[in-house]
There are 2 protein chains.
Amino acid sequence: MRAKFVRESADVRRQALIDATAKCLAEKGVAATSVRAICAAAGVSSGLLTHYFEGVDALILATYRDVGQRVSQAMDAAIVAAGDDPQDRLRAFLQANFRAPVLDADLLATWIAFWSLIKSNADVAAAHAEIYAASRTQLEGLVAAAGPGFSPAQVRLKAIGLTALVDGLWLEYCLDPTSFSAAEAQQLVERAMGHALRDQ
Amino acid sequence: MRAKFVRESADVRRQALIDATAKCLAEKGVAATSVRAICAAAGVSSGLLTHYFEGVDALILATYRDVGQRVSQAMDAAIVAAGDDPQDRLRAFLQANFRAPVLDADLLATWIAFWSLIKSNADVAAAHAEIYAASRTQLEGLVAAAGPGFSPAQVRLKAIGLTALVDGLWLEYCLDPTSFSAAEAQQLVERAMGHALRDQ
DNA sequence: GGAACTGGATAGCCCATGGCTCTCATCAAC
DNA sequence: GTTGATGAGAGCCATGGGCTATCCAGTTCC
């Protein structure tokens with residue numbers, strides 16, 4: 001007796017598989033993210049993965065790009081909501097890391113899985129470089145607007161420092177939320193932003 | 001025909017297996033760190049792993065503790081070499097992250113592998129919490145000594161901020177050394193240290 | 001309206017790999 | 001030499017990824 005199935009459009013199926021992959025990576029880590037686990041989470045048979053993607057590696061890469069895009073969109077939304085003041089916009093970008101949906105242990109778990117693939121998968125490495133470059137370019141634009149008069153070299157270094165602080169706080173909070181609070185992280189970022197805009 | 005073998009002490013064998021595990025994690029990621037790969041790297045047969053450890057999970061955990069200890073010792077050595085001045089000691093601790101043997105892409109790859117196991121392995125999670133707590137306690141001691149007059153709450157927050165900045169810079173530099181230099185990272189940390197000691 | 005067609009979807013097979021165990025060889029201490 | 005721990009290596013069972021034969025819902029064409 002063969003189970004009935006529902007015919008879905010390609011986009012719906014692809015997205016379902018991507019969502020299932022992110023869920024598996026977050027919940028069980030990269031080791032347990034197998035074709036069967038992904039397809040079970042997506043509610044489809046295992047053969048369908050190969051039908052829509054080259055293989056499990058390609059699906060993971062697509063998931064990386066999808067997750068990266070969702071984070072990027074959350075950042076953009078925060079900037080737009082902040083209004084026109086350049087400092088408010090910079091602040092909104094930085095602080096968005098410490099609110100949903102970015103501040104999420106599952107998102108970190110997914111992200112760590114991607115990092116762990118960079119060494120062994122050139123495509124993932126390329127995607128990572130691309131995503132990070134875009135993020136840093138955006139931050140440099142916000143810093144330059146909020147602190148006019150800085151040279152490009154100064155802007156670049158400030159952006160590097162702010163990115164590192166934000167990423168470090170985000171990483172450590174998600175790994176262990178008991179050691180400090182999101183509010184404390186926001187406070188630290190606010191101070192660092194002040195220093196970055198005040199100093200040379 | 002069975003191959004000849006050399007009889008080694010338990011400590012030597014354990015360390016060889018731990019080193020081989022770290023090498024596999026760094027070079028090929030957690031997915032390719034199998035019993036056979038580890039034992040091949042260590043130059044022993046696959047049965048030996050079970051002989052000396054409960055299983056591959058226990059070996060990975062032992063590797064985590066070993067790598068953590070090596071980093072911790074490098075930090076301690078840097079502090080001792082810095083002399084008696086509290087600010088120099090704090091600086092030495094922070095800057096040691098941007099020199100060998102800590103600033104090493106292989107070490108990050110190993111570390112990422114550990115992070116990726118935190119979700120699925122409670123023992124790894126416990127080891128991680130322990131290692132990070134020890135590191136942060138040490139940093140709090142250095143901050144308190146370098147900036148007397150700070151309350152424990154102030155010291156704690158400063159230590160959290162400095163740890164996050166250092167970890168973020170370390171992470172991003174190891175993931176992609178082309179985006180900025182180690183000297184720039186050191187400069188950013190030096191500035192942040194100055195702010196931490198100057199402000200309240 | 002019905003038959004043939006298209007291609008999404010399934011189940012299951014094949015082979016590779018993985019972790020671990022078991023047997024047996026080897027060596028060093030006594 | 002005896003002995004017992006150390007080590008090698010084959011093998012077992014489970015799981016994984018990819019592939020294929022098959023099936024079926026919706027479309028097309030007469």
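Residue numbering restarts at 1 for every chain, and letters A, B, ... go by the order of the sequence lines.
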[N] [atom2] sits how many Å from [X] [atom1], rounded?
X	N	atom1	atom2	answer
A:Ile38	D:dG18	CD1	C1'	14 Å
A:Leu17	C:dT10	CG	C1'	14 Å
A:Leu49	D:dG18	CG	C1'	10 Å
A:Leu59	D:dG17	CG	P	11 Å
A:Phe53	C:dA9	CZ	C1'	15 Å
B:Phe5	D:dG9	CZ	P	10 Å
A:Asp57	D:dG18	CG	C1'	12 Å

Classify B:Thr50 by what it touches in the nucleic acid, base, sugar-phosphate, or nothing, heavy-atom distance under 4.0 Å.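 Contact class for B:Thr50: base.
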| task | Give one of base, sugar-phosphate or nothing for B:Arg36, where a contact means two heavy atoms less than 4.0 Å apart. | result |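 Here B:Arg36 touches the bases of the nucleic acid.
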Which nucleotide wins on minimum distance to the side chain of [X], given the candidates [options]?
X	options	answer
A:Leu48	C:dA9, C:dG12, D:dG7	C:dA9
A:Ser34	C:dT26, D:dG16, D:dG18	D:dG16
A:Val35	D:dG17, C:dC20, C:dA9	D:dG17

Should A:Tyr52 be listed as having a side-chain N or O under 4.0 Å from OP1 or OP2 of C:dA9?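 Yes, such a contact exists.
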query: For C:dA9, does OP1 or OP2 lie under 4.0 Å from any side-chain N or O of A:His51?
result: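 A:His51 to C:dA9 OP1/OP2: no side-chain N or O under 4.0 Å.
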Could you tell me whether A:Asp85 and A:Arg89 make a salt bridge, using a distance below 4.0 angstrom between a side-chain N and a carboxylate O?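 Looking at A:Arg89 together with A:Asp85, the answer is no, because their closest N to O distance does not fall below 4.0 Å.
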Check this for me, if you would: do B:Arg14 and B:Asp11 make a salt bridge, where the nitrogen-to-carboxylate-oxygen distance has to be below 4.0 angstrom?
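No, no charged N to carboxylate O under 4.0 Å.
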Using the six-membered ring wherever Trp is involved, compare the ring planes of B:Trp115 and A:Trp115 and label them parallel, tilted or perpendicular (cut-offs 30° and 60°).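 Rings of B:Trp115 and A:Trp115: tilted, 30 to 60°.
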Problem - Plane angle bin for A:Trp111 and A:Trp170 - parallel if under 30°, tilted between 30 and 60°, otherwise perpendicular - result: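 Correct class here is perpendicular.
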Original post:
Between B:Gly47 and B:Arg7, who's closer to the 5' end of DNA chain D by nearest nucleotide?
Top reply: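 Mapping each residue to its closest nucleotide by heavy atoms, the 5'-most match is B:Arg7.
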No-hydrogen, no-angle side-chain donor-acceptor test under 3.5 Å, A:Asp199 and B:His195: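 Result is yes, a qualifying pair exists.
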Reading DNA chain C from 5' onward, which residue's closest nucleotide shows up sooner: B:Ala31 or A:Ser45?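 Nearer the 5' end of the strand: A:Ser45.
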